[in-house]
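Here the structure is laid out as structure tokens; the discussion comes afterwards.
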Number of protein chains: 2
Amino acid sequence: MAYATTRFAENGYHPTSVAEIVQGLGVGKGVFYWYFASKEELFLEILRDAQRQLRRRQEAAIADEPDPVRRIELGIRASMAWFDGNRAVVKLLQFASTEERFAPVLRRGQDVAVADTARHVKEGIVEGRIRDLDPFVLSHAVLGVTGHLAREFVHERSQSVEDVAEVAVAFCLEGLLGAQ
Amino acid sequence: MAYATTRFAENGYHPTSVAEIVQGLGVGKGVFYWYFASKEELFLEILRDAQRQLRRRQEAAIADEPDPVRRIELGIRASMAWFDGNRAVVKLLQFASTEERFAPVLRRGQDVAVADTARHVKEGIVEGRIRDLDPFVLSHAVLGVTGHLAREFVHERSQSVEDVAEVAVAFCLEGLLGAQ
DNA sequence: ACCGTTCTTGACCGCTCGGTCAAGTTCTTC
DNA sequence: GAAGAACTTGACCGAGCGGTCAAGAACGGT
């Protein structure tokens, strides 16, 4: 499954054939169809696995931090770190969102992640520390920044995760203009 | 080309065959290969066209606004409006970034857009109105927010472009915490 | 009226794909 | 050590792909 993930990420899902995967693994085609119902099912499995991993990582990072704003920050940093260590999977997640067939699975996972962040945002609003805008839109904004910066600077330009995470946190919390 | 764009967006690039496109258009296959060298070339043409369109729209919106911060805001609103009117193309741009073959074309267009935004950000920093962080990272952050919110709320949830643009601008300029 | 260029057709080609399956091998259990 | 379950193989299949091309229609200049 790890090998298939890298092949899919390098070549694209459709251009990568089952034959190519099993050949690279040095096994017969039959063994593939013994463990997976189809090529599509394998891909869905990879997707679900990735979402579980990311979620666990985020939860572990946030642990029992009481400050909601700090929880958001820790979530951003944890996501960025996971994106850094799973470049191939990130590419697959991005591709999956462009195919009608895979979008539903993706959507479910994303909704969970957003709901988590939105909870912290709501708390922040109640405490009067976050401006009173739609928490779901704000959560998605945070998600958008984190994902895009990770892809652009950590993956494409190999910049340090910590540096990029630092700017991402600064941008999400205080925007371009800064707060003082 | 418009028809091919919607087919690619609905079905995905690879699953959509040339036969399907020409049949939907009610023409023979030969006429396709008279105007385009290959399926790939058609796709690249769509990509380049989209980037040109978006750029023109942004430039028109910014026109000769003197305030750099306001230029950024106008750029966000213009992008959001274009994303709203070109859902299919947006999906294609997103797909293209996951295929090694199309990434270079995309990259060039994005770099131009980012360089534009970065210019305004730099001006803002010089004027002391934008915090002193890497202008390129900040520009990408803005781009990430705008794209993600457009896809999520304008495309998927059919919310009003103006409302989403409003929050996007607020988030980009002042972040979650707000500045006062 | 004629001819060369431009444009259009769809049957056709070679190839590769996802998936099947009869056959064989290895592991587990008693 | 026999028997059956679990696993593995790769040749094979029908389907569909991107792309070609001989044939001809439409058009424009003279």
Side-chain angles (χ1 to χ4, degrees), chain A residues 1-51 88-107, chain B residues 1-51 88-89 91-106:
Chain A
M1 227 170 84
Y3 180 74
T5 301
T6 65
R7 298 299 317 185
F8 283 152
E10 279 171 15
N11 269 79
Y13 171 72
H14 291 290
T16 302
S17 67
V18 175
E20 199 179 327
I21 295 170
V22 298
Q23 200 155 44
L25 249 26
V27 300
K29 223 181 195 178
V31 74
F32 179 94
Y33 285 96
W34 178 265
Y35 289 107
F36 300 100
S38 64
K39 186 187 173 184
E40 188 174 331
E41 203 50 58
L42 159 67
F43 192 75
L44 287 170
E45 205 53 58
I46 293 173
L47 251 44
R48 282 188 282 258
D49 199 58
Q51 290 179 323
V89 186
V90 171
K91 224 169 187 178
L92 264 41
L93 289 170
Q94 203 186 349
F95 162 77
S97 71
T98 71
E99 291 259 323
E100 222 55 66
R101 223 169 331 150
F102 304 128
V105 179
L106 226 64
R107 170 147 256 82
Chain B
M1 230 169 83
Y3 180 74
T5 302
T6 66
R7 299 298 318 184
F8 283 151
E10 279 170 17
N11 268 76
Y13 170 73
H14 291 292
T16 302
S17 67
V18 175
E20 200 179 325
I21 294 170
V22 297
Q23 201 155 43
L25 249 27
V27 299
K29 223 181 196 178
V31 73
F32 179 94
Y33 284 96
W34 178 266
Y35 289 106
F36 301 100
S38 66
K39 185 187 174 185
E40 187 174 331
E41 204 50 57
L42 159 67
F43 192 76
L44 288 170
E45 205 54 57
I46 292 173
L47 251 45
R48 281 189 282 257
D49 199 58
Q51 290 178 323
V89 186
K91 223 169 189 178
L92 262 43
L93 288 170
Q94 202 185 350
F95 162 76
S97 72
T98 70
E99 292 259 322
E100 223 54 68
R101 223 172 327 152
F102 304 128
V105 179
L106 226 64

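In what follows, every heavy atom counts, from backbone to side chain, and hydrogens, waters and symmetry copies are set aside. Just so it is clear, the model here is predicted, and its values are computed rather than measured. Every chain is numbered from 1 and lettered A, B, ... according to where its sequence line falls, protein lines coming before strand lines.
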Audit row: A:L25, A:F32, side-chain contact (heavy atoms from CB on, under 4.5 Å) steps and yes/no | CA-CA 10 Å; A:L25 249 26; A:F32 179 94; over 6 Å; no

Determine, step by step, whether A:K91 and B:E100 satisfy the salt bridge (Lys or Arg N to Asp or Glu O under 4.0 Å) criterion, reporting the C-alpha distance in whole Å, the side-chain angles of both residues, the deciding distance to 0.1 Å, and the verdict.
-> CA-CA 11 Å; A:K91 224 169 187 178; B:E100 223 54 68; 3.0 Å; yes

Taking atom CD of A:Q23 as the centre, does the number of heavy atoms from other residues, nucleotides or ligands within less than 6.0 Å exceed 12?
-> no

Output the distance between atom CD1 (A:I21) and atom NZ (A:K29), rounded to the nearest 0.5 Å.
-> 10.5 Å

How are the rings of B:F102 and B:Y13 set relative to one another: parallel (under 30°), tilted (30 to 60°) or perpendicular (over 60°)?
-> perpendicular

Taking all atoms of both residues into account, what is the closest heavy-atom pair of B:A96 and B:F43, and its distance?
-> CB-CE2, 4.0 Å

Which value, rounded to the nearest 0.5 Å, describes the distance between B:M1 atom CE and B:I46 atom CD1?
-> 5.5 Å

Is A:Q94 reaching over with its side chain to a backbone N or O of B:T98, donor-acceptor style, under 3.5 angstrom?
-> no

Is there a residue in residues 3-28 of chain B whose heavy atoms reach under 4.0 Å of DNA chain D, and which residues are they?
-> B:T16, B:S17, B:V18

Within this structure, what is the CZ-to-P distance between B:F32 and C:dT9, rounded to whole angstrom?
-> 14 Å

Nucleic acid contacts - residues 33-48 of chain B versus DNA chain D, non-hydrogen atoms under 4.0 Å | B:Y33, B:S38, B:K39

